[in-house]
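Right, one structure below, let's go through it.
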Number of protein chains: 2
Amino acid sequence: MSKKPAETQKSAIPDDPELQAQRFGRVREAHQTETAEDYVELIADLIEAQGEARVVDLSSRFGVSHATVNKVIARLNREGLVSNRKYRSLFLTDEGRELAVRCKERHLIVFNFLRSIGVPEEIAEIDAEGVEHHVSEETLKIFQAYISKHKK
Amino acid sequence: MSKKPAETQKSAIPDDPELQAQRFGRVREAHQTETAEDYVELIADLIEAQGEARVVDLSSRFGVSHATVNKVIARLNREGLVSNRKYRSLFLTDEGRELAVRCKERHLIVFNFLRSIGVPEEIAEIDAEGVEHHVSEETLKIFQAYISKHKK
DNA sequence: CACAAATTTTAGCCATGGCAACAAATTTGA
DNA sequence: TCAAATTTGTTGCCATGGCTAAAATTTGTG
Ligand SMILES: [Mn+2]
Ligand SMILES: [Mn+2]
Ligand SMILES: [Mn+2]
Ligand SMILES: [Mn+2]
């Protein structure tokens with residue numbers, strides 16, 4: 001029953017269970033940090049562009065209710081990424097600011113890479129927003145190298 | 001306070017709020033379907049490789065408890081992707097099988113693309129597992145074209 | 001100032017996907 | 001055969017991130 005023709009199977013046989021589990025574990029980890037990453041990135045952008053970041057802005061730019069934003073902000077505060085006082089605009093802690101910088105760099109590399117292989121701008125914007133959280137440092141370096149090599 | 005030097009800012013000004021909201025909405029949509037995609041894909045692989053897919057296998061390969069697997073399977077059943085009878089191994093519905101095929105194709109394209117730009121095998125395996133869910137059809141076509149052009 | 005509008009917070013609800021612990025069924029093997 | 005081991009299912013807990021509705025605060029206007 002498990003005697004397949006010894007041909008080189010497409011892939012059929014999933015790899016070692018533990019290896020596979022590690023990979024899925026990595027994806028779950030990424031999901032854990034994803035919200036935090038997008039929030040600090042957008043907060044940093046808003047502060048830079050408008051001088052301050054308000055719940056209303058996050059709400060409209062993320063496309064979620066302000067109640068949701070509040071709940072997430074509470075978590076980020078608890079985790080030391082955001083510092084906020086009641087009814088006042090939002091600030092990043094040092095840690096939050098550092099994370100934002102790293103995320104913006106990464107986001108831009110993913111976006112530029114997609115553009116450089118020919119993905120249309122708006123599509124690249126959409127894909128980058130999700131892909132960024134799942135690209136390893138190694139792959140990021142390769143993206144960066146590719147961009148450098150292919151820019152005029 | 002909001003008077004920046006009129007230089008060409010890196011990106012600073014986030015784009016139109018509604019556009020941005022659409023992008024994040026897309027990412028949230030992808031997260032909705034992500035679990036289903038990985039499950040049907042793995043179930044299909046297991047059936048192909050071992051003749052059947054059991055809760056135990058999913059549990060060990062995803063690296064989560066069997067209780068979690070059970071809960072997800074219940075949802076996939078409710079959504080018409082998986083058909084299962086108590087204490088029996090798992091099956092895909094026609095719809096589930098179709099989804100699995102599409103997901104495997106997409107997964108493979110993402111993986112092969114990463115390999116073709118020089119990402120090491122295991123890194124490519126890890127990244128592909130997350131990236132696959134956030135790559136648009138358009139980008140996928142570009143990936144595919146790139147692979148075709150660069151295969152020896 | 002006073003009051004209306006906008007913003008923020010809170011409360012309470014839901015679905016998903018994690019977990020441990022216990023219960024039930026099936027399979028294995030002595 | 002039948003007891004032990006394995007597998008599967010169930011229950012109840014938690015955190016996250018969605019929502020609506022209502023309350024509290026700040027802001028802006030007359
Ligand atoms: Mn993102
Ligand atoms: Mn981003
Ligand atoms: Mn995946
Ligand atoms: Mn996959």
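In the text below, chain A, chain B and the rest are named by the order of the sequence lines, each starting its count at 1.
Between B:E79 atom CD and C:dG17 atom P there is a gap of 8 Å when expressed in whole angstrom units. Remark: P of D:dT16 and CG of A:N77 are 13 Å apart, rounded to the nearest angstrom. Per the geometry, CG belonging to A:L58 stands 16 Å off C1' belonging to D:dG18, to the nearest Å. The distance between atom CG of B:N84 and atom P of D:dT8, rounded to the nearest whole Å, is 11 Å. For the pair B:F62 CZ and C:dT16 P, the interatomic distance rounds to 16 Å; values are reported in whole Å. Atom CZ in B:R54 sits roughly 12 Å away from atom P in C:dT26 (whole-Å rounding). Here C:dG17 presents its C1' atom at 16 Å from CD of A:E29, a figure rounded to the nearest Å. Protein atom CD of A:E34 is 14 Å distant from nucleotide atom P of C:dG17, rounded to whole Å.
Ranked by how close their nearest DNA chain D nucleotide is to the 5' end, B:Y87 and B:R28 are led by B:Y87. Nucleotides of DNA chain C nearest to B:Q32 and B:K86 differ in position, and the one nearer the 5' end is that of B:Q32. Closest-nucleotide positions on DNA chain D for A:A67 and B:R85 were compared, and the one nearer the 5' end corresponds to B:R85.
Using modelled atom types, no side-chain atom of A:S59 and backbone atom of A:V55 make a donor-acceptor pair closer than 3.5 Å.
For the pair A:N70 and C:dT9, the criterion of a side-chain N or O lying under 4.0 Å from OP1 or OP2 is met. Close to D:dG17, at under 4.0 Å from its OP1 or OP2, lies no side-chain N or O of A:T68. The side chain of A:S65 places no N or O atom within less than 4.0 Å of a non-bridging phosphate oxygen (OP1 or OP2) of D:dG18.
In this structure, of C:dT16, D:dC19, D:dG17, it is C:dT16 that holds the atom nearest to the side chain of B:R78. Which of C:dG17, C:dT10, D:dT20 sits closest to the side chain of B:R75 comes down to C:dG17. Which of C:dG17, D:dG18, D:dT8 sits closest to the side chain of A:K71 comes down to D:dG18.
Under the 30°/60° scheme for interplanar angles, the aromatic rings of B:Y39 and B:F62 are found to lie parallel. Ring-plane geometry between A:Y146 and A:F113 is classed as perpendicular, the angle between the planes exceeding 60 degrees on a 0 to 90 degree scale with a lower cut at 30.
For B:H66 and D:dT8, the ring-to-base geometry satisfies the stacking test (centroid distance below 5.5 Å, interplanar angle below 30°).
Heavy atoms of A:R88 sit nowhere under 4.0 angstrom from any nucleic acid atom.
For the residue pair B:E34 / A:H31, a side-chain donor-acceptor distance below 3.5 Å is found, with atom types taken as modelled.
Surrounding CZ of B:R26 are at most 12 heavy atoms belonging to other residues, nucleotides or ligands under 6.0 Å away.
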